[in-house]
Colleague: 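Handing you a structure now.
Only this structure's heavy atoms are used, side chains among them; waters, hydrogens and symmetry mates stay out. Residue numbering restarts at 1 for every chain, and letters A, B, ... go by the order of the sequence lines.
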Amino acid sequence: MTEDSTDLFGDLFAKRVVPVMVPMPAPKAYSYTVPEGMAVQPGSIVQVPLGPRQVMGVVWDEEGQDAVDPKKLKEITLVFDCPPLKLEMRRFLDWVSSYTVSPPGLVARMALRAPAALDPEPMVEALRLTDMRPERMTDARSRAIAAADNGFAWTRSGLSHAAGVSSSVIDGLTAQGVFETVFMSPPPVVAVPDPDFVPPRLEGPQKSAAEELLRKVAEGGFSVSLIDGITGSGKTEVYFEAIAATLKAGRQVLILLPEIALTASFLERFQDRFGSKPAEWHSDLAPRTREKVWRQVTEGGVRVVAGARSALFLPFEDLGLIIVDEEHDPAYKQEDRVFYNARDMAVVRARIGDFPVVLVSATPSVESRVNGDLGRYTAIHLPTRYGDAALPHLGVVDMRRHPPERGGFLSPVLLNQIGKAVGRGEQALLFLNRRGYAPLTLCRVCGHRFQCPDCSSWLVEHRFRGQIQCHHCGHAEKTPEACPECGTFDHLVACGPGVERIAEEVDRHFPDARTIVLSSDLMGVKRLRLELEAIQRGEADIVVGTQLVAKGHNFPMMTFVGIVDADIGLSNGDPRAAERTFQLLSQVTGRAGRTGLKSLGLLQTYQPQHPVMQAIVSGDSHAFYEREISEREKALLPPFGRLASLIVSAETRADAEGHARGLRQAAPNVSGISILGPAEAPLALIRGRHRFRLLVHGRRNSDMQGFVKTMIAAGPKPRGTISVQLDIDPQSFL
DNA sequence: AGCACGCCGACT
DNA sequence: GTCGGCGTGCTC
């Protein structure tokens with residue numbers, strides 16, 4: 001029959017067509033032909049022509065690929081010589097794409113984040129000792145031969161260094177055939193960690209926690225454990241044991257950390273335990289190092305990666321364990337292009353790969369806490385500090401009863417304690433989560449308020465820089481001397497405190513103390529590290545800092561911590577406001593009192609009875625979490641089926657409101673659409689091309705996804721892109 | 001996402 | 001007269 005014969009004809013002469021995931025926001029993979037003699041399989045990493053350029057792509061699995069006009073088909077340019085993405089990884093990427101409602105190509109791109117050179121690293125030249133010996137033996141020559149006489153190959157410079165001879169000695173011996181040139185694979189980016197390097201001495205609750213965790217890891221297969229231990233309780237040592245066990249089983253380990261916690265001190269702690277550092281993975285890795293790490297992770301040479309959220313998309317050769325440290329940290333949320341929470345995606349990755357995942361935090365997220373309470377996660381508690389590290393004594397300062405003096409922001413109680421600590425030769429930390437000098441500037445004559453021309457939030461004065469800046473979109477201008485509205489000079493007034501202003505007040509009260517301001521906008525990473533080290537050496541008496549003092553570093557002499565305005569962030573419309581505040585304040589007060597010296601933490605607040613303050617001061621978070629959980633249930637699961645609250649944010653409030661109106665029509669069964677204006681909208685939204693962001697809360701993944709998809713389809717098409725973040729109980733993925 | 005094409009304002 | 005701003009549309 002003609003039909004059969006055309007098919008036969010087609011099969012004989014048509015080239016093989018495969019789907020290739022290309023890095024662009026198309027809804028599915030594109031089709032390409034495979035040239036004669038090229039071997040590709042699902043997962044192969046390839047280069048393909050796309051429009052006017054060549055791009056990297058991944059051969060995908062053939063499923064529901066719709067036919068495309070054969071005239072359009074182009075050929076795969078080349079296959080990179082590197083391991084294909086495993087089925088497990090492809091399923092994970094597909095899943096993330098579907099869950100985040102993002103184009104699969106953009107998700108796949110995250111796994112190929114190593115620039116260009118995907119071909120193997122070139123072999124390096126090395127020298128190996130042969131049986132030949134030189135006619136004339138000299139002292140230097142015998143030293144070189146002795147150093148190399150271990151059967152290993154040496155690089156020329158390495159050998160000359162090890163033997164303590166100049167490289168010309170090596171060259172001379174090579175010329176005489178004493179050394180032969182061999183090629184060896186390039187050196188690993190990091191040494192292989194040794195699980196038995198320095199096994200820890202665990203005691204009491206740490207020991208039983210480690211044993212419990214090791215049981216989960218030994219069982220193999222998917223499991224989620226939640227280590228919930230206060231600052232200083234030895235959580236890290238406990239999960240290091242799970243890492244050791246996984247390494248012994250020959251599998252790879254990923255440690256996820258919030259970017260800011262990826263510090264030298266963490267890497268050193270790892271090295272002390274395992275004898276070598278883990279490979280690092282974060283946004284400002286040198287491109288060359290980045291390639292090497294990527295390559296060696298796919299080939300299995302790198303055994304342990306410590307990385308920021310993007311490390312979750314590395315194509316490991318044989319991943320057997322993920323640790324998510326500081327699992328509650330909002331830095332795990334990517335709010336750019338593909339919106340995801342790495343903590344949640346880590347759970348999914350472990351589920352698909354069928355291995356354990358360990359979430360770790362002193363102040364777990366409400367979601368994880370619930371899953372622990374319900375027994376879906378194995379909850380492991382570490383309730384005490386170890387060694388002589390006593391907990392700080394904590395208290396609140398009721399600002400209505402102890403108001404600051406006029407023009408100031410620090411209560412007499414705080415000033416008194418700062419004075420005492422400094423007087424004893426110890427250090428004081430003042431924490432205020434607000435950069436700059438003052439969050440708002442206005443004209444006393446006409447009432448003009450300085451507003452961002454681009455996104456209309458308040459401009460923050462930065463007195464050290466002589467600028468007023470927008471903290472949402474980055475707009476900055478020189479601080480004007482006159483009011484732009486009425487032209488009056490010298491009548492601009494700063495409202496409210498930022499860290500710079502607090503430092504000024506501290507200076508006024510303690511002119512002889514050495515006061516330092518730590519703020520992310522005042523210094524780069526290098527400068528910050530130097531400052532932190534200087535503080536540890538005792539080169540400052542009073543530290544005034546923003547969020548960045550909350551993480552990582554310990555200050556042994558810090559015996560007083562004062563929170564300047566503990567109420568910041570409690571009323572910003574975010575359903576997680578109280579939770580965030582609790583987590584942040586716990587971290588800051590946790591900075592104090594690791595030395596065995598008596599230490600004190602005080603929170604200035606106008607709401608001393610607030611559950612957050614009560615939880616911090618009492619050290620008992622149980623009631624706080626219970627309340628948060630019930631509040632969350634009320635806010636996120638209204639009584640109309642499973643569709644939940646929806647938050648629309650946009651560049652301008654008017655845009656957000658306009659769009660929300662449309663969405664209400666498209667999805668009438670959604671209750672409470674909240675609208676975030678520019679002040680609350682994420683940075684990515686204002687700067688990027690995403691004109692709108694929908695943040696959808698809910699309980700069931702499938703429901704939320706379906707809902708979002710229909711809503712977008714039915715809703716009015718706004719200019720620009722809509723980005724969607726689903727914010728769901730993580731258990732619902734599984 | 002990137003890149004080309006295309007159509008209106010201030011400048012070598 | 002051109003350079004360049006970003007709006008629109010396309011990529012197997």
Side-chain angles (χ1 to χ4, degrees), chain A residues 10 13-36 38 40-80 84-85 90 93-94 96-116 118 283 287 290 309-310 313 334-340 453-455 473-475 650-652 655 682-693 712 716-725:
Chain A
F13 292 95
K15 292 213 170 129
R16 184 152 84 102
V17 176
V18 293
V20 175
M21 208 59 91
V22 286
M24 50 147 242
K28 45 168 63 180
Y30 275 5
S31 300
Y32 285 87
T33 58
V34 182
E36 203 71 35
M38 179 184 280
V40 295
Q41 51 171 309
S44 292
I45 299 175
V46 294
Q47 192 179 73
V48 290
L50 183 68
R53 67 211 158 106
Q54 292 282 325
V55 297
M56 228 188 266
V58 185
V59 176
W60 220 247
D61 306 83
E62 306 197 32
E63 268 166 32
Q65 206 43 38
D66 34 33
V68 27
D69 179 3
K71 284 196 292 289
K72 274 184 157 183
L73 288 176
K74 291 184 187 171
E75 239 176 28
I76 294 176
T77 313
L78 60 92
V79 190
F80 288 105
L85 288 193
R90 300 197 302 275
L93 297 173
D94 274 335
V96 172
S97 159
S98 144
Y99 174 74
T100 60
V101 204
S102 326
L106 297 189
V107 178
R109 197 175 68 143
M110 299 197 292
L112 304 178
R113 272 319 179 94
L118 278 171
S283 57
R290 191 181 195 77
R309 57 171 186 256
S310 59
F313 292 92
Q334 172 149 79
E335 302 197 319
D336 188 29
R337 299 182 173 101
V338 179
F339 286 56
Y340 67 92
D454 300 331
C455 65
C473 68
H475 170 89
E651 286 175 71
T652 69
D655 277 357
L683 210 64
L685 185 81
I686 292 163
R687 285 216 265 245
R689 291 213 219 145
H690 299 270
R691 294 293 169 76
F692 292 96
R693 185 176 71 145
I712 292 174
K717 246 300 182 269
R719 68 207 155 78
T721 315
I722 306 179
S723 60
V724 178
Q725 183 179 322

Colleague: In whole Å, I'd like the distance from the CD atom of A:Q54 to the P atom of B:dC3.
Modeller: 12 Å

Colleague: Using a strict cut-off of less than 4.0 Å between a Lys/Arg side-chain nitrogen and an Asp/Glu carboxylate oxygen, indicate whether A:E75 and A:K15 qualify as a salt bridge.
Modeller: yes

Colleague: How many whole angstroms separate atom CD of A:Q47 from atom P of C:dC12?
Modeller: 14 Å

Colleague: Report yes if the distance between the aromatic ring centroids of A:F313 and A:Y340 is under 6.0 Å, otherwise no.
Modeller: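 Under 6.0 Å, so yes.
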
Colleague: Flag the pair A:Y32 / A:P49 as yes when at least one side-chain heavy-atom distance between them is below 4.5 Å, and no otherwise.
Modeller: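 A:Y32 vs A:P49: side chains touch.
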
Colleague: From CZ of A:R53 over to P of B:dA4, roughly how many Å is that when rounded to an integer?
Modeller: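 Checked: the CZ to P distance equals 9 Å.
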
Colleague: Just compare B:dA1, C:dC12, B:dA4 and give me whichever is closest to any side-chain atom of A:V68.
Modeller: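 The nucleotide sitting nearest to the side chain is C:dC12.
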
Colleague: Calculate the interatomic distance between A:K28 atom NZ and C:dT11 atom P; express it in whole Å.
Modeller: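 Rounding to the nearest Å, NZ of A:K28 and P of C:dT11 are 17 Å apart.
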
Colleague: Give the rounded distance in Å between these two atoms: CG of A:L112 and P of B:dA1.
Modeller: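 Result: 17 Å.
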
Colleague: Whole angstrom is fine here: how far is it from CE in A:M56 over to P in B:dG2?
Modeller: 12 Å

Colleague: Starting at CZ of A:R16 and ending at P of C:dC12, how long is that distance when rounded to a whole Å?
Modeller: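 After rounding, the gap between these two atoms is 20 Å.
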
Colleague: Could you check whether any side-chain N or O of A:R16 sits under 3.5 Å from a backbone N or O of A:T33, counting only pairs where one atom can act as donor and the other as acceptor?
Modeller: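 Not at all, since once roles are kept as given, no pair shorter than 3.5 Å links the two residues.
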
Colleague: Categorize A:P49 for me: base, sugar-phosphate, or nothing, with a 4.0 angstrom heavy-atom threshold over every strand shown.
Modeller: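 The answer is sugar-phosphate, as A:P49 gets under 4.0 Å only of primed atoms, P, OP1 or OP2.
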
Colleague: Please state how far atom NZ in A:K71 lies from atom C1' in C:dC12, giving the value in whole angstrom units.
Modeller: 14 Å

Colleague: Check this one for me: any side-chain N or O of A:R109 less than 4.0 Å away from OP1 or OP2 of B:dG2?
Modeller: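 For B:dG2, OP1/OP2 do have a side-chain N/O of A:R109 under 4.0 Å.
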
